[in-house]
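Notes for the one structure printed next.
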Amino acid sequence: MTALLEIDNLSIVHDGPAGTKTILSAVDLSVGEAETVGIVGESGSGKSMTAKAVMNLLPPHVTARGSIRYRGDDLLAAGERRVEQLRGRSISLLMQDPFTMLDPLVPCGAQVAEGLRLSMRGASRQALADEAVHRLEEVGIRDPDVARRYPFQLSGGMRQRVAMAAALASNPELLIADEPSTALDVTTQAEVLALLKSLQAARGMALLLITHDLRVAFSVCSRINVFYAGRVLERAPAVMLSDDPMHPYSLGLLMSEPAVDRRLAELTAIPGTVPTPDSIASSCAFASRCNWRQEACVAARPPLRAVDADRSTACIRVEAIHDEMRARRATTDRAIAVQPAQTGAIRPLLTVKSGRKEFGSRGDGTAAVVALNNIDIVIGANESVGIVGESGSGKTTLGRCVVGLETLTSGRITLDGMDTSRLDSIDQATRKKLRRTAQIVFQDPYSSLNPRHTIGGVLSETLVVNDAPRETVRRRVNELLDMVGLPHTYAKRFPRQLSGGERQRVAIARALAVDPKLLVCDEPVSALDVSVQAQILSLFRDLRERLGLSYLFITHDLAVVRQVVDRVYVMYRSEIVEAGPVGQVLDAPQHDYTRRLIRSIPGTDAMRPDHEHHSN
């Protein structure tokens with residue numbers, strides 16, 4: 001295969017007041033003509049910086065060394081003018097958040113037309129406008145009026161389609177897609193990825209896909225590079241990597257993925273955290289977290305070496321441990337067919353009856369937006385219940401109503417014997433009891449923690465506000481840190497000094513500070529890397545067993561639902577369309593929308609290039 005893009009010995013460093021910090025170290029990869037290559041890795045592995053280096057879009061004080069050749073031209077040596085000639089014409093970039101690509105003040109059609117000027121030189125304004133409508137149709141937007149709308153007037157899926165049309169307008173030979181589906185609902189994600197595959201095939205275009213989701217990579221890519229701490233640890237065809245990984249880190253990532261088709265007896269998580277590239281410069285990057293580590297692994301940096309004609313690994317012990325790695329994965333696979341216990345007769349802790357919530361109705365003729373319509377749910381003591389659905393289905397609004405952050409327009413909420421439907425009509429004592437009975441854990445722990453307070457300060461404040469005796473506060477802070485698996489020394493750290501998973505543990509500890517009976521978990525792992533996600537899901541399981549907690553678990557991820565809930569409600573357009581035991585609903589769905597959710601999981605029929613696309 002003719003190489004279109006070749007990256008050799010690429011290193012990226014940041015020069016700051018504290019000195020030079022390595023971001024990427026001696027990375028090699030290539031993309032052939034019309035080939036799809038994946039870069040997979042956790043946050044901070046250097047994936048996005050690689051894309052920015054190719055596009056010459058590195059931030060200030062960040063520099064790249066090595067070689068990036070496009071059709072033989074070294075882009076690092078060629079200078080800004082040569083890269084500008086290629087950028088948007090031969091090489092295009094599609095980013096995770098379309099708002100970073102689209103101008104909020106320019107209609108969508110005009111933004112697509114801007115790219116068309118590169119491939120339709122001399123075309124009239126009308127010809128460009130007509131072709132922009134055609135390009136929007138190509139990405140599944142069949143309403144010509146969308147060309148006149150602004151990005152903020154569109155859904156997330158529609159915005160990503162517009163961004164895709166704009167990125168492809170110049171007919172590039174290579175598209176770099178940086179997490180193009182991460183911010184999308186599962187059904188929209190499936191449509192966008194299948195659309196990307198079909199467009200690539202139709203155009204004969206090469207695709208470099210950057211993602212942290214192995215299921216996405218396996219469903220789209222022919223070859224995959226596994227990044228970790230600024231290095232490539234394994235390179236292999238997607239099928240081979242999926243079936244038989246040849247690096248312990250790749251195995252750990254695969255085993256951390258929650259299964260969607262069965263309940264795992266134990267969720268496998270990679271212990272520890274990702275090191276900085278500079279801290280492992282002279283050793284195996286994964287050694288500190290590897291079960292097969294020996295002295296030779298930390299004595300020198302292992303090279304990325306070929307183990308056969310198609311794949312390479314940076315593990316120096318792979319021949320010795322390969323059979324053990326296979327056995328460990330096989331053992332895990334055999335030990336996972338565990339079903340949740342039957343709930344039997346439920347003693348209700350939470351009941352929502354005929355719940356309805358409207359926004360925007362003020363008696364001035366403004367049409368109300370119905371967020372919840374005739375919602376009935378029950379959660380028993382020590383029961384975990386899931387709410388699944390797309391953005392806008394009403395699931396987060398329901399969670400906020402349960403904990404008293406929103407009030408139902410009509411209907412009734414009963415929590416531990418208290419009628420909490422109308423917060424403005426309950427007395428202070430009942431309101432306080434509500435806060436102690438139900439707590440919420442949000443998706444983004446950083447935004448829910450005060451960045452100016454230490455972790456100990458955050459937890460202490462919660463305890464004091466809820467009348468904990470001051471002489472017991474310090475001991476209780478340590479108990480909470482123990483409960484969520486964090487060292488006592490973390491009490492002196494600030495949120496910015498913690499990883500995403502550690503911050504989420506702190507958010508859980510704060511929710512547990514008042515000894516609640518119910519935790520409302522609103523997408524608590526969706527922003528986390530897969531290995532960290534497994535750690536937090538294991539923590540939720542453990543806390544339920546130790547503390548007898550009940551969960552209302554809100555998520556769009558059906559694999560997560562399978563692992564942590566007993567029963568599930570499926571929400572669609574503000575209503576519950578299906579409910580039942582999690583195994584029954586996921587294995588034998590009765591509603592068309594539930595079936596569509598399941599088909600949208602990467603790797604299923606929805607991911608085929610000939611999958612029918614619908615505008616969002």
Side-chain angles (χ1 to χ4, degrees), residues 6-13 20-30 37-47 49-50 53 64-68 210 212 214 217 223-238 240-256 268-329 529-531:
E6 295 176 282
I7 297 176
D8 293 319
N9 199 34
L10 178 65
S11 295
I12 301 176
V13 297
T20 299
K21 174 184 175 184
T22 302
I23 299 172
L24 204 70
S25 178
V27 164
D28 300 333
L29 67 85
S30 65
V37 174
I39 297 178
V40 173
E42 298 177 270
S43 299
S45 62
K47 308 185 303 293
M49 281 297 184
T50 302
R65 305 185 183 98
S67 173
I68 301 175
I210 297 170
H212 68 276
L214 284 171
R223 288 191 300 122
I224 295 175
N225 298 268
V226 179
F227 275 42
Y228 181 79
R231 300 184 196 170
V232 178
L233 295 192
E234 184 169 0
R235 177 181 299 123
M240 289 185 178
L241 181 63
S242 175
D243 292 344
D244 189 23
M246 298 196 73
H247 195 285
Y249 175 62
S250 304
L251 175 67
L253 282 182
L254 287 167
M255 293 176 63
S256 296
T268 302
I270 302 174
T273 57
V274 181
T276 63
D278 289 316
S279 68
I280 42 85
S282 301
S283 68
C284 170
F286 190 60
S288 64
R289 307 173 74 186
C290 183
N291 292 326
W292 292 282
R293 176 183 67 250
Q294 289 188 350
E295 287 187 15
C297 301
V298 296
R301 173 174 176 159
L304 183 69
R305 61 189 177 89
V307 289
D308 60 39
D310 296 317
R311 60 193 312 182
S312 303
T313 180
C315 178
I316 62 173
R317 302 197 63 231
V318 67
E319 289 84 1
I321 67 175
H322 193 203
D323 289 343
E324 290 183 45
M325 290 170 60
R326 284 177 169 173
R328 182 172 182 187
R329 191 176 185 191
D529 291 315
V530 61
S531 62

(request) Check step by step if side-chain contact (heavy atoms from CB on, under 4.5 Å) holds for Ile224 and Glu234. (result) CA-CA 8 Å; Ile224 295 175; Glu234 184 169 0; over 6 Å; no

(message) Counting C-beta onward and ignoring hydrogens, is there a side-chain heavy-atom pair between Leu253 and Val226 closer than 4.5 Å?
(response) yes

(message) Checking Met49 against Ile12 for the side-chain contact (heavy atoms from CB on, under 4.5 Å) test, could you report, in this order, the C-alpha distance in whole Å, the side-chain angles of both residues, the deciding distance, and whether it holds?
(response) CA-CA 8 Å; Met49 281 297 184; Ile12 301 176; 4.0 Å; yes

(message) I want to check something: taking the side chain as every heavy atom from C-beta on, are Asp244 and His322 in contact at a cut-off of under 4.5 Å?
(response) yes

(message) So which atom in Ser312 and which in Ala306 form the shortest heavy-atom distance, rounded to 0.1 Å?
(response) OG-CA, 3.6 Å

(request) Could you tell me whether a side-chain N or O of Asp8 sits under 3.5 Å from a main-chain N or O of Asp28, the two making a donor and an acceptor? (result) no

(message) Ring-plane angle category for Tyr228 and Phe286, please: parallel below 30°, perpendicular beyond 60°, tilted otherwise.
(response) perpendicular

(request) Flag the pair Leu29 / Val232 as yes when at least one side-chain heavy-atom distance between them is below 4.5 Å, and no otherwise. (result) no

(request) Nearest 0.5 Å please: distance from the CZ atom of Arg328 over to the CG atom of Asn291. (result) 4.5 Å

(message) How close do Pro245 and Asp243 get, counting heavy atoms only, and between which atoms?
(response) CD-C, 4.0 Å

(request) Taking Arg231 for its side chain and Ser25 for its backbone only, find out whether a donor-acceptor pair lies under 3.5 Å. (result) no

(message) Main chain of Lys21, side chain of Asp278: is a donor-acceptor contact present, judged purely on distance under 3.5 Å?
(response) no

(request) Look up atom CG in Leu251 and atom CE in Met246, then write down how far apart they are to the nearest 0.5 Å. (result) 12.0 Å

(message) A side-chain contact here means heavy atoms from C-beta on lying under 4.5 Å apart; do Ile270 and Ser256 qualify?
(response) yes

(message) If you define the side chain from C-beta out and look only at heavy atoms, does anything of Ser43 sit under 4.5 Å from His212?
(response) no

(message) In the structure I gave you, are the side-chain heavy atoms of Arg305 and Val318 within less than 4.5 Å of one another anywhere?
(response) yes

(message) Looking at Lys47 and Gly41, would you say the former's side chain and the latter's main chain have a donor-acceptor pair under 3.5 Å?
(response) yes

(message) Nearest 0.5 angstrom please: Leu214 CG to Ser242 OG, how far?
(response) 8.5 Å

(message) For Arg235, run the side-chain hydrogen bond (donor to acceptor under 3.5 Å, both in side chains) check against Asp310, Thr313, Asn225 and tell me which one passes.
(response) Asn225

(message) Is there a side-chain contact between Leu241 and Ser250 in this structure, where contact means two heavy atoms from C-beta onward sitting under 4.5 Å apart?
(response) yes

(request) Identify, with sequence neighbours excluded, every residue that meets side-chain hydrogen bond (donor to acceptor under 3.5 Å, both in side chains) alongside Ser531. (result) Glu42

(request) Taking all non-hydrogen atoms of both residues into account, name the closest pair between Leu304 and Ala314 and its distance. (result) CD1-N, 3.8 Å

(message) To the nearest 0.5 Å, what is the distance between CE on Met325 and SG on Cys315?
(response) 7.0 Å

(request) Rounded to the nearest 0.5 Å, what's the gap from CD1 on Ile316 to CZ on Arg301? Could you check? (result) 13.5 Å

(request) Output the distance between atom CZ (Arg223) and atom CE (Met240), rounded to the nearest 0.5 Å. (result) 12.0 Å

(request) Show your working on side-chain contact (heavy atoms from CB on, under 4.5 Å) between Thr50 and Ile7 and close with a plain yes or no. (result) CA-CA 9 Å; Thr50 302; Ile7 297 176; 4.0 Å; yes

